[in-house]
K.L.:
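Provided herewith is a single structure, encoded as structure tokens, for subsequent inquiry.
Remember, it's 1-based here, ligands and their atoms both numbered in the order they're listed.
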Amino acid sequence: MKYVRFVRTLFLFWRTMMSAPNEPSFRESVDMMFNRAVALMDLAPGLEEKIRVVNATYTVRFGVRLRGEIKTFTGYRSVHSEHMEPVKGGIRYALGVNQDEVEALGALMTYKCALVEAPFGGSKGGLRIDPREYNAQEMELITRRFAYELIKRDLINPSQNVPAPDMGTGEKEMAWIADQYARMNTTDINARACVTGKPTHAGGIAGRVEATGRGVQYALREFFRHPEDIAKAGLDGTLEGKKIIVQGLGNVGYHAAKFLRDEDNAKIVGIIERDGCLFDADGLDVEAAQKWLANHGGLAGYMDTHFDKDGAKLLEADCDILIPAALEAVINMTNADRIKAPLIIEAANGPITAGADEVLCDKGIVIIPDMYANAGGVTVSYFEWVKNLGHIRFGRMQRRHEESRHQLVVDELERLDRYLGDAWSMSPDFKRKYLRGADELELVRSGLDDTMRVAYQSMREVWHSRDDVEDLRTAAFIVAIGRVARSYTAKGL
Ligand code: GLU
């Protein structure tokens with residue numbers, strides 16, 4: 001056994017040295033993880049291949065007249081699996097967008113939706129652009145034109161394909177897309193459900209912006225409810241005081257770090273950004289750092305004594321929890337063996353390559369996988385889509401009714417309070433807290449919390465009950481693939 005381990009370590013070392021520059025592509029990496037799980041499953045012949053492959057990827061090149069010339073842009077919308085429709089997944093704006101990437105991300109959406117029981121197939125889109133190069137007016141023109149190309153091919157449609165924000169896009173872009181769809185489909189009563197992540201004044205839902213970061217927090221809270229799982233990572237206790245390093249202070253990283261710090265008393269000791277990193281063993285002020293980043297485009301200049309240009313190095317620092325919340329493949333064969341965090345939660349999509357994943361698992365590091373960890377976004381997107389189709393805000397029918405029933409209980413308790421005199425009285429905050437019916441934000445958070453707990457338990461069940469499943473990612477794939485397989489089988493495939 002020792003010998004086998006030694007040979008394996010030697011092999012991994014050799015692979016680190018040899019293959020770092022040419023690791024598999026993102027899509028190959030996702031497929032390798034898929035294959036690892038599927039090898040432990042008993043699927044009908046051919047079904048495995050049907051699930052793995054990308055159904056279709058549409059590439060569009062379109063021109064927009066900007067600054068006196070025609071600029072040509074390249075965009076993609078990839079549909080990985082239509083076992084359920086609509087298919088769902090964000091649209092990314094970045095210079096590095098390419099077909100392989102959107103296909104990998106589309107596949108991850110299929111498994112993510114299956115794992116959290118959001119009733120969608122998987123899709124993803126992207127536009128090769130650096131959004132910082134254009135002003136808002138130009139971005140609107142570009143986004144509307146891109147949306148037009150996708151809408152006319154039903155690649156944006158409330159019942160077929162529903163995009164959402166991703167890296168480089170947000171509420172603004174989603175509002176333009178929704179409006180573009182409504183202009184092209186003037187009689188579609190469900191037009192607003194063609195895209196999620198819209199601002200609340202344009203059919204969005206409370207809590208969508210924070211959703212992915214909030215989901216990361218709920219995922220960690222659920223993990224820390226299970227002492228055996230905590231022990232597997234070599235940790236103990238609760239989230240309180242845990243030293244966390246977060247890579248990427250965008251929408252996801254920022255919200256996750258802020259909630260974990262402010263509400264769970266974890267310590268954000270490190271923040272890594274494009275231009276370098278901040279480290280403070282006593283904990284950093286996430287909000288102040290984010291404000292600085294938004295105003296200066298980088299962390300340099302903020303808390304100079306804690307700043308270091310070599311951001312990548314901090315990924316390898318001592319901490320309890322590492323949260324990669326930016327790009328894919330940041331932990332790869334060149335640095336995997338130096339990662340020290342005993343627990344990694346993948347807030348980004350695909351931050352760990354397939355090779356690095358094996359190295360980390362071999363070291364006993366517990367990884368809470370992306371398809372679960374960052375599913376908060378699509379979960380709240382699901383709520384938004386349902387709200388748009390229902391044409392009514394959550395809680396509108398029940399809230400005051402709930403409050404008036406609670407009032408009955410409070411009236412009775414007050415009567416008891418008077419009757420019992422000094423012997424008993426209501427706790428000071430009880431009345432205010434109990435009387436308030438839940439608003440949309442509270443309902444969204446409650447739905448997200450439930451989703452994250454249930455999904456974790458389904459993964460965990462497989463992780464703990466099967467000797468051949470050594471990690472949470474394989475367990476997550478097994479749960480997700482099993483559900484997609486059942487869906488195909490029910491269709492007669
Ligand atoms: N882009 C996000 C993701 O990767 C959200 C997708 C959605 O809401 O449809 O999960």
Side-chain angles (χ1 to χ4, degrees), residues 26 30 76-81 84-94 97 101-127 150 155-171 173-175 177-178 192-199 203-205 207-216 218-219 248 250-253 255-256 324-328 345-351 369-388 444 447-448 451-452 455 476 480:
F26 189 8
V30 173
Y76 305 89
R77 186 76 183 161
S78 174
V79 175
H80 173 257
S81 175
M84 281 197 190
E85 283 182 314
V87 292
K88 190 95 190 69
I91 290 183
R92 171 173 290 201
Y93 282 2
V97 162
E101 184 188 55
V102 290
E103 291 187 349
L105 292 164
L108 279 175
M109 284 309 302
T110 296
Y111 310 129
K112 190 186 307 193
C113 290
L115 184 66
V116 295
E117 297 178 285
F120 303 123
S123 180
K124 200 79 169 203
L127 185 64
L150 298 181
L155 287 164
I156 297 178
N157 182 300
S159 54
Q160 290 190 42
N161 197 326
V162 182
D166 199 82
M167 254 173 55
T169 56
E171 289 188 329
E173 288 75 15
M174 302 307 118
I177 293 173
R192 280 185 155 180
C194 76
V195 65
T196 57
K198 304 175 292 289
I205 195 166
R208 176 60 185 85
V209 175
E210 65 167 45
T212 314
R214 185 62 81 184
V216 172
Y218 289 165
N251 181 40
V252 181
H255 281 106
L327 273 177
E328 51 258 19
I345 176 159
E346 296 181 313
N349 285 308
D370 48 5
M371 87 171 78
Y372 166 69
N374 68 36
V378 76
T379 300
V380 177
S381 275
Y382 168 41
F383 302 154
E384 178 176 335
W385 181 72
V386 169
K387 173 185 173 179
N388 292 153
V444 162
L448 176 59
T451 303
M452 297 308 288

K.L.:
Measuring from non-hydrogen atoms of Lys124 to any atom of ligand 1, is the shortest distance under 4.0 Å?
P.N.:
yes
K.L.:
Do the side chains of Glu328 and Pro351 get nearer than 4.5 Å, heavy atoms only?
P.N.:
no
K.L.:
Is it the side chain, the backbone, both or neither of Arg208 that has a heavy atom closer than 4.0 Å to ligand 1?
P.N.:
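For Arg208, the contact with ligand 1 is made by the side chain alone.
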K.L.:
Determine whether the side chains of Arg208 and Ser381 contain a donor N or O and an acceptor N or O closer than 3.5 Å.
P.N.:
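Checked: Arg208/Ser381 side chains pair up, N/O donor to acceptor below 3.5 Å.
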K.L.:
What atoms in ligand 1 come closer than 4.0 Å to a heavy atom of Pro165?
P.N.:
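The atoms of ligand 1 under 4.0 Å from a heavy atom of Pro165 are 1 (N), 2 (C), 5 (C).
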K.L.:
Are Lys198 and Asn388 packed together at the side-chain level, in the sense that at least one heavy-atom pair is separated by less than 4.5 angstrom?
P.N.:
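With C-beta onward as the side chain, the pair touches.
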K.L.:
As an exercise, identify every atom of ligand 1 less than 4.0 angstrom from a heavy atom of Val378.
P.N.:
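Atoms satisfying the 4.0 Å criterion: 7 (C), 8 (O), 9 (O).
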K.L.:
Answer whether the closest heavy-atom distance between the side chains of Met174 and Thr196 falls below 4.5 Å.
P.N.:
no
K.L.:
Report, in ascending order of atom number, the atoms of ligand 1 lying under 4.0 Å from any heavy atom of Lys112.
P.N.:
3 (C), 4 (O), 10 (O)
K.L.:
Measuring from atom CG of Asp166 to atom NZ of Lys124, what distance do you get when rounded to the nearest 0.5 angstrom?
P.N.:
3.5 Å
K.L.:
Answer with yes or no whether Met174 contacts ligand 1, where contact means a heavy atom under 4.0 Å from a ligand atom.
P.N.:
no
K.L.:
Short list, please: which atoms of ligand 1 are under 4.0 Å from a heavy atom of Gly90?
P.N.:
1 (N), 6 (C)
K.L.:
Below 4.0 Å from any atom of ligand 1, is there a heavy atom belonging to Arg92?
P.N.:
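In this structure, Arg92 fails to qualify as a contact of ligand 1 - no heavy atom is under 4.0 Å.
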K.L.:
Let me know which of Leu150, Val87, Ile91 forms a side chain to side chain contact (heavy atoms under 4.5 Å, CB included) with Pro163.
P.N.:
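Testing Pro163 for a side chain to side chain contact (heavy atoms under 4.5 Å, CB included) against Leu150, Val87, Ile91 leaves exactly one candidate, Ile91.
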K.L.:
Are any of the N/O atoms on Lys88, whether in the backbone or the side chain, positioned under 3.5 angstrom from an N/O atom of ligand 1?
P.N.:
yes
K.L.:
Just jot down the ligand 1 atoms closer than 4.0 angstrom to any heavy atom of Gly377, in number order.
P.N.:
8 (O)
K.L.:
For ligand 1, which atoms have a heavy atom of Ala164 less than 4.0 angstrom away?
P.N.:
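What qualifies from ligand 1 is 6 (C), 7 (C), 8 (O), 9 (O).
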K.L.:
To the nearest 0.5 Å, how far apart are OG1 in Thr110 and NE2 in His80?
P.N.:
5.0 Å
K.L.:
Record the part of Asn349 in heavy-atom contact with ligand 1 below 4.0 Å; permitted values are side chain, backbone, both and neither.
P.N.:
side chain
K.L.:
For a quick check under 3.5 Å, do Lys112 and Asn374 share a side-chain donor-acceptor pair by atom type?
P.N.:
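Present: a donor and an acceptor within the cut-off.
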K.L.:
Answer yes or no: does atom OH of Tyr382 have more than 12 heavy-atom neighbours from other residues, nucleotides or ligands under 6.0 Å?
P.N.:
no
K.L.:
Please check whether Ser381 reaches ligand 1 - meaning an N/O of the residue sits under 3.5 Å from an N/O of the ligand, judged on distance alone.
P.N.:
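Yes.
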